[in-house]
Undergrad: 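Sharing a structure with you now.
All residue numbers in this chain count up from 1 along the given sequence. All values reported here derive from a predicted model rather than from experimental measurement. The analysis underlying the following values was restricted to heavy atoms, covering all of them including side chains, and did not include hydrogens, waters or symmetry mates.
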Amino acid sequence: AAGRGVQGPLRMAGRRWRSGAGSPDRAAPERAPRIYTRTGDSGFSSTFTAERRPKGDPIFEALGATDELSSAIGLAGEFSSEKGHTFVDQLHKVQCMLQDVGSNLATPLSSAREAHRKRTSFSEKPILELEQWIDSYSEQLPPLRAFILPSGGRSSAALHFSRAVCRRAERCVVPLVQAGEADPNVAKYLNRLSDYLFVLARYAAMKEGKEEKIYIKPE
């Protein structure tokens with residue numbers, strides 16, 4: 001279904017009940033909506049502007065990469081939460097921002113009406129917030145004197161993995177921005193996010209007392 005990784009499927013927060021037809025004392029469970037729609041079985045899906053495009057379209061490639069990024073960050077967040085890291089709330093906020101990124105990507109500007117654009121616009125504010133976070137953690141880290149390999153414990157390694165996925169998402173988004181189909185701020189956000197994840201990976205390793213492995217040229 002369109003937007004499954006953008007806004008997520010409709011989920012029931014709990015069982016809701018309605019009065020039964022036979023007796024006011026009886027209640028019948030309300031049928032939950034099906035997760036599958038069958039509308040994508042032909043290899044096409046819909047954008048927020050109701051366009052039907054092949055699932056291999058660059059827009060859906062970018063949406064998929066963004067969804068993978070949120071999943072990777074979710075995993076990193078769980079590892080980090082187990083270690084008591086205070087930046088977990090920031091990772092949750094990033095995941096929420098990635099939902100907004102997806103909404104923008106799912107609204108190609110070539111077919112978007114003004115109402116669409118207003119609803120899915122992406123501002124510069126979250127980019128500036130990432131830069132503030134990056135500066136704050138960078139000030140606490142030792143100087144970078146060698147090429148660091150993804151390592152430093154589970155939290156750090158998962159954050160490095162998230163950074164790599166973020167780079168791929170950015171590579172998917174940049175052509176859309178260059179084609180005038182997505183907001184430039186979306187690409188800027190992903191660019192800063194990869195820097196944030198790199199710095200955060202180093203910070204997590206430092207706080208956990210884990211050694212960061214560095215590149216050593218093979219002899």
Side-chain angles (χ1 to χ4, degrees), residues 1-11 33-80 88 90-113 116-117 119-123 126-127 130 150 154 157-198 200-201:
R4 183 174 294 146
V6 182
Q7 298 175 351
L10 178 62
R11 291 184 173 88
R34 289 174 175 170
I35 190 64
Y36 58 88
T37 64
R38 301 192 178 105
T39 58
D41 289 353
S42 61
F44 287 78
S45 193
S46 298
T47 66
F48 183 57
T49 57
E51 282 186 273
R52 296 290 290 175
R53 297 193 180 200
K55 290 190 175 184
D57 188 275
I59 285 179
F60 295 123
E61 289 288 347
L63 283 170
T66 303
D67 191 24
E68 289 179 47
L69 172 57
S70 182
S71 298
I73 290 175
L75 181 62
E78 290 301 313
F79 288 152
S80 300
V88 172
Q90 291 180 354
L91 293 178
H92 178 252
K93 187 171 185 178
V94 166
Q95 287 182 290
C96 292
M97 290 308 307
L98 289 175
Q99 292 293 107
D100 292 341
V101 166
S103 294
N104 186 272
L105 295 175
T107 311
L109 298 179
S110 61
S111 60
R113 299 192 300 273
H116 290 137
R117 297 188 183 207
R119 188 172 177 182
T120 62
S121 63
F122 198 89
S123 73
I127 302 171
L130 280 178
R154 292 203 304 176
L159 288 165
H160 276 297
F161 178 74
S162 299
R163 171 189 55 79
V165 177
C166 187
R167 287 294 192 192
R168 177 157 55 84
E170 182 188 4
R171 291 194 298 272
C172 290
V173 167
V174 166
L176 296 178
V177 172
Q178 294 173 338
E181 292 282 49
D183 193 315
N185 281 334
V186 169
K188 292 178 184 178
Y189 181 80
L190 293 174
N191 182 272
R192 298 302 187 283
L193 180 56
S194 63
D195 292 334
Y196 165 75
L197 292 169
F198 175 75
L200 200 61

Undergrad: Could you give the distance from OG1 (Thr66) to CD (Glu68), rounded to the nearest 0.5 Å?
TA: 9.0 Å

Undergrad: For the residue pair Arg53 and Ser110, what are the closest heavy atoms and their distance?
TA: NH2-OG, 4.0 Å

Undergrad: Under 3.5 Å, side chain of Ser71 to main-chain N/O of Asp67, donor-acceptor pair present?
TA: yes

Undergrad: Is the backbone N or O of Asn191 less than 3.5 Å from a side-chain atom of Ser194, with the two atoms forming a donor-acceptor pair by type?
TA: yes

Undergrad: Please report the C-alpha distance between Asn104 and Asn185 in whole Å, then the side-chain angles of each, then the deciding distance to 0.1 Å, and finally whether the side chain to side chain contact (heavy atoms under 4.5 Å, CB included) criterion is met.
TA: CA-CA 10 Å; Asn104 186 272; Asn185 281 334; over 6 Å; no

Undergrad: Which heavy atom of Cys172 sits nearest to which heavy atom of Ala65, and what is that distance?
TA: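 So the minimum-distance heavy-atom pair works out to SG-CB, 4.2 Å.
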
Undergrad: With sequence neighbours left out, what residues match Val177 under side-chain contact (heavy atoms from CB on, under 4.5 Å)?
TA: Val173, Ala182, Pro184, Ala187

Undergrad: In Å, rounded to the nearest 0.5 Å, how long is the span from CD of Gln90 to OG of Ser80?
TA: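 Spacing of CD (Gln90) from OG (Ser80) equals 11.0 Å.
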
Undergrad: Can you measure from CG (Leu200) to NE2 (His160) and round to the nearest 0.5 angstrom?
TA: 10.0 Å

Undergrad: Ser162 side chain to Ala72 main-chain N or O, any donor-acceptor pair under 3.5 Å?
TA: yes

Undergrad: What distance do Leu193 atom CG and Glu170 atom CD have between them, rounded to the nearest 0.5 Å?
TA: 9.5 Å

Undergrad: Nearest 0.5 Å please: distance from the CZ atom of Phe60 over to the OG atom of Ser46.
TA: 6.5 Å

Undergrad: Restricting to non-hydrogen atoms, name the atom on Ala112 and the atom on Thr107 that form the minimum distance, rounded to 0.1 Å.
TA: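 Reported closest heavy-atom pair: CB-CG2, 3.8 Å.
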
Undergrad: Should the pair Asp195-Arg167 be classified as a salt bridge under the 4.0 Å nitrogen-to-oxygen rule?
TA: yes

Undergrad: Show the nearest heavy-atom pair for residues Ile73 and Leu98, with the distance to one decimal.
TA: CD1-CD1, 4.0 Å

Undergrad: Within the structure provided, determine whether Val186 and Leu176 are in side-chain contact (heavy-atom separation under 4.5 Å).
TA: no

Undergrad: Which atom names give the shortest non-hydrogen contact between Leu109 and Asp183, and what distance separates them?
TA: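 Answer, listing the atom of Leu109 first, then Asp183: CD1-N, 4.4 Å.
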
Undergrad: Quick one, Leu190 and Val174 - any side-chain contact, counting heavy atoms below 4.5 Å?
TA: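 Sidechains of Val174 and Leu190: no contact.
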
Undergrad: How far apart are the closest heavy atoms of Tyr196 and Val94, and which atoms are they?
TA: CE2-CG2, 4.4 Å

Undergrad: Is the backbone N or O of Ile127 less than 3.5 Å from a side-chain atom of Lys188, with the two atoms forming a donor-acceptor pair by type?
TA: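 Such a contact is absent between Lys188 side chain and Ile127 backbone.
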
Undergrad: State whether the number of non-hydrogen atoms from other residues, nucleotides or ligands found under 6.0 Å of Phe161 atom CZ is greater than 12.
TA: no

Undergrad: First locate atom CZ of Arg171, then atom CD of Glu61, and finally report the distance between them rounded to the nearest 0.5 Å.
TA: 12.5 Å

Undergrad: Less than 4.5 Å apart, side chain to side chain, heavy atoms only: is that true for Ser103 and Arg119?
TA: no

